[in-house]
Number of protein chains: 2
Amino acid sequence: MTPSEQKEQTERTLRADARRNRERVFEAARELFARDGEGVQMEEIASHAGVGIGTVYRHFPTKGALLTEMVRTRFQRFTEIALAAEQIEDPWEAVATLLTESSVAVEGDAGFQMAMMGVEDLEWEGIEQEKAAFAAPAERIIERAVEAGAVRSDMSVDDIPMLMCGITSTMYFAPGGAEWRRHLDLVLAGLRPG
Amino acid sequence: MTPSEQKEQTERTLRADARRNRERVFEAARELFARDGEGVQMEEIASHAGVGIGTVYRHFPTKGALLTEMVRTRFQRFTEIALAAEQIEDPWEAVATLLTESSVAVEGDAGFQMAMMGVEDLEWEGIEQEKAAFAAPAERIIERAVEAGAVRSDMSVDDIPMLMCGITSTMYFAPGGAEWRRHLDLVLAGLRPG
DNA sequence: GACTATACGGAATCCAGATTCCGTTTGTCA
DNA sequence: TGACAAACGGAATCTGGATTCCGTATAGTC
């Protein structure tokens, strides 16, 4: 029995109400995590989901596990963005779009912002797979841009988390505003060759 | 009686051992705050200072008050840096030095990094005076650079906290490393005109 | 040296949240 | 429909820290 079959069976075994509740908890957590970041309270998630606190814990062993799950899900959005950006013809546009769209994806999600900024307690362990899925297309985009002379020759994939982290911190520092667009603007200018 | 005379008298009234202990607590707090950030524990500060926890609270009403005092003190360093940078002849060098030295000042001080990044609980209220003292020379530096065409014409003082916040987040994200220098490098490139 | 206002130490208290536990309810299946 | 395993709710418990309190110690003053 492969792991996935095993998982499938576990899911099949889940009682109907249990599956529904798990979904509700997850949805509530997503919403509140986006609003309040890691400061969300388990009680609040429970009541927002319309279930008891015990039910939350039955589905997610700890708060950390729940939040990591949020981060993992959100992170996948980056990969979608990278894959889409890769289709853009112009090498520079591809890079610019990658960073811009990624920023937009983070906007308005306090929890993900915190994760991007490396706030403790938000685990980045266990999402290596997601990271790799993002890194592949991102790397191709950058390599192409470097070869085309559209960005400084020393740009690398590793610059992306670094820069995103910076832009995110602007969002976090000045929430609700558009200052981060200026930050992004500056960063993009800094990436140009020469 | 002016406020300053009043304060002076209060200080004069402080018993010798009290003054000494206050100093010790402050010093311990500075050290541990730099190491652990806002996560420092009051008990730890007390024992590190060689006093009882009660003594810490006699001198600083709450943890927040103590940390704010730390931030205020640290912030003053920025003003010194700005005043020094203002003396630099070359307009671009002045800007570059301002940002570089400010970054260096933050390096290795986790507490101040958190404050720069706007982590909650670290109060920025009550240090308006320090902010203004920094803004004045910084503004002159930037104005001069803009007029000389050494930086993009739309650069403003408000860009400084934004960019510093970003660079700081890199330090925080990759502590101990020198990645932030690359981030600074990119940011400086982005500030250049055109 | 005695007296008193100040300070001190640190055990006890408070508090906010996460996590556990168990009596009750509900879905599933024969 | 009855039986029972699977889930549920939420009160009770646990925890890590901040903050308070009060009996004791000491600097300053005569």
Side-chain angles (χ1 to χ4, degrees), chain A residues 6-29 32-33 35-70 110-111 114 119-123, chain B residues 7-29 32-33 35-71 110-111 114 119-123:
Chain A
Q6 202 167 38
K7 188 184 174 196
E8 206 175 300
Q9 194 183 49
T10 303
E11 278 174 7
R12 204 193 311 289
T13 307
L14 218 53
R15 231 169 66 175
D17 55 344
R19 178 149 46 222
R20 186 171 56 249
N21 281 333
R22 184 191 170 87
E23 197 44 51
R24 280 186 189 163
V25 168
F26 196 77
E27 198 44 52
L32 296 177
F33 182 54
R35 197 189 68 191
D36 303 335
E38 64 168 352
V40 238
Q41 285 161 225
M42 295 300 265
E43 301 264 18
E44 201 180 359
I45 291 174
S47 73
H48 198 268
V51 304
I53 183 80
T55 298
V56 174
Y57 279 93
R58 197 156 320 93
H59 293 295
F60 302 91
T62 64
K63 181 176 178 178
L66 176 53
L67 297 193
T68 298
E69 205 53 35
M70 299 291 107
M114 287 181 168
V119 171
E120 345 192 11
D121 293 354
L122 293 178
E123 313 287 343
Chain B
K7 188 183 174 194
E8 206 176 298
Q9 193 182 48
T10 304
E11 279 173 6
R12 206 195 306 291
T13 306
L14 218 55
R15 234 167 65 175
D17 56 343
R19 181 147 46 222
R20 185 171 57 251
N21 281 332
R22 184 192 170 86
E23 197 44 51
R24 280 186 189 163
V25 168
F26 196 76
E27 197 45 51
L32 297 176
F33 182 54
R35 197 188 69 193
D36 304 334
E38 63 167 354
V40 237
Q41 285 162 225
M42 294 301 265
E43 302 262 17
E44 201 180 359
I45 291 174
S47 72
H48 198 269
V51 304
I53 182 82
T55 298
V56 173
Y57 277 93
R58 198 155 319 94
H59 293 295
F60 302 91
T62 65
K63 181 176 179 179
L66 177 53
L67 298 193
T68 298
E69 204 52 35
M70 298 292 107
V71 173
M114 287 179 167
V119 170
E120 346 192 11
D121 292 354
L122 292 178
E123 313 286 344

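Here is the naming used below: chain letters follow the sequence lines, and residue numbers restart at 1 for every chain.
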Sugar-phosphate only, base, or nothing, as touched by A:Val56 at under 4.0 Å among non-hydrogen atoms: nothing
Separation of C:dG10 P from B:Met42 CE (nearest whole Å): 16 Å
Rounded distance (Å) that lies between atom P of D:dA7 and atom CD of A:Glu23: 16 Å
A:Asn21 side chain near D:dA7 phosphate (N/O to OP1/OP2, under 4.0 Å): no
Interatomic distance, A:Leu66 CG vs C:dA18 P [rounded to whole Å]: 11 Å
Nearest-angstrom distance from the residue atom CZ of A:Arg15 to C1' of D:dA5: 8 Å
Quiz item: B:Arg58 side-chain donor-acceptor pair to C:dT6 base, under 3.5 Å: no
Nucleotide D:dC8, atom C1' - distance to CG of A:Asp17 in whole Å: 8 Å
D:dA7 OP1/OP2 closer than 4.0 Å to side-chain N/O of A:His59: no
Rounded interatomic separation in angstrom, taking OH from A:Tyr57 and C1' from D:dT13: 13 Å
Atom-to-atom span, CD1 of B:Ile45 to C1' of D:dT19 - whole angstrom: 14 Å
Short side-chain N/O contact from B:Thr55 to OP1 or OP2 of C:dG9, under 4.0 Å: yes
